[in-house]
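Below you'll find the structure, written out as structure tokens, and then a few comments.
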Amino acid sequence: MKKFLVVLCLMGTILLSSCAQNEESIIDDLDGNYYYVECIYLSPFSSSTLDAYPGLYGSLIYITFSDNQIVYYGNDDETRSYNQIEFREEEVNKDLDDLITLDLNGVFETFESRYDIYSDDVSIGLTVFVDGDTLYLAETRMIGGSNDIFTVWSIVEIGK
């Protein structure tokens, strides 16, 4: 009976550890072309409004994720490519400045995870927020003398 319990415990441990290792992030499957769906947040310092944003930029924004690369066509009509990218998972509110960001509608409270995007160990100013199966792309900046204040300028829902 003791051997049976030991074997049962070992099998349970192996099963639990393999499940933990197989947990994939939505970022692991991020591949292909993504397009603008809807702007859900603009910084209060923006010269645009949520109502005007789709007409100004909505049809222009797309992003292509591929193996270690991002090609980003932004609202300034400039295509930017970043190679050797790395997604760094952070707490959603890590270093987020409440005064500059001013989240009156509680947008940040709905996000489950945040992935800051780096290329060659430098932030590229883009962050992916995740809420369930929905992806959001944010234009971000670190400001301050020690670059420890995380600010978000816009967040758009993206879809394939």
Do the rings of Phe108 and Phe129 sit parallel, tilted or perpendicular, given the 30° and 60° boundaries?
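Aromatic pair Phe108/Phe129 classed perpendicular.
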Could you please spell out the steps behind the side chain to side chain contact (heavy atoms under 4.5 Å, CB included) verdict for Tyr72 and Ile124?
CA-CA 11 Å; Tyr72 176 74; Ile124 65 170; over 6 Å; no
Any donor-acceptor pair under 3.5 Å linking the side chain of Ser119 with the backbone of Asn83?
yes
Test your reading of the model: is there a side-chain donor-acceptor pair from Arg114 to the backbone of Lys94, 3.5 Å cut-off?
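Pair found, side chain donor or acceptor close to backbone of Lys94.
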Closest contact, heavy atoms only, Cys39 versus Tyr36
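Looking at all heavy atoms of both residues, the shortest contact is N-OH, 3.3 Å.
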For Ser154 versus Leu42, what's the shortest heavy-atom pair and its separation?
CB-CD2, 3.7 Å
Got [X] and [Y] here, is their nearest side-chain heavy-atom distance under 4.5 Å?
| X | Y | answer |
| --- | --- | --- |
| Tyr136 | Ile40 | yes |
| Asp116 | Thr140 | no |
| Ser81 | Ile70 | no |

Using side chain to side chain contact (heavy atoms under 4.5 Å, CB included), reason through Val130 and Leu135 one step at a time and then give a plain yes or no.
CA-CA 5 Å; Val130 179; Leu135 295 173; 3.8 Å; yes
Does the side chain to side chain contact (heavy atoms under 4.5 Å, CB included) test come out yes or no for Val107 and Ile155, once each step is laid out?
CA-CA 9 Å; Val107 170; Ile155 302 174; 4.3 Å; yes
With rounding to the nearest 0.5 angstrom, report the [atom1] to [atom2] distance, [X] to [Y].
| X | Y | atom1 | atom2 | value |
| --- | --- | --- | --- | --- |
| Ser113 | Glu90 | OG | CD | 11.5 Å |
| Thr134 | Phe111 | OG1 | CZ | 10.0 Å |
| Glu139 | Leu126 | CD | CG | 6.5 Å |
| Ser123 | Ile117 | OG | CD1 | 8.5 Å |
| Asp120 | Ile85 | CG | CD1 | 11.5 Å |

Taking NZ, NE, NH1 and NH2 as the nitrogens, is one of them in Arg88 or Glu86 under 4.0 Å from a carboxylate oxygen of the other?
yes
Step by step, would you call Phe87 with Val128 a side chain to side chain contact (heavy atoms under 4.5 Å, CB included)?
CA-CA 9 Å; Phe87 293 94; Val128 174; 4.3 Å; yes
Spell out, yes or no, whether Ile63 and Val71 are grouped together once hydrophobic residues are joined by side-chain heavy atoms under 4.5 Å, including indirect joins.
no
Is there a path of hydrophobic side-chain contacts, each under 4.5 Å between heavy atoms, that joins Tyr118 and Val152?
no
Centroid-centroid distance, Phe65 to Tyr34, less than 6.0 Å
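Aromatic pair counts; centres sit under 6.0 Å.
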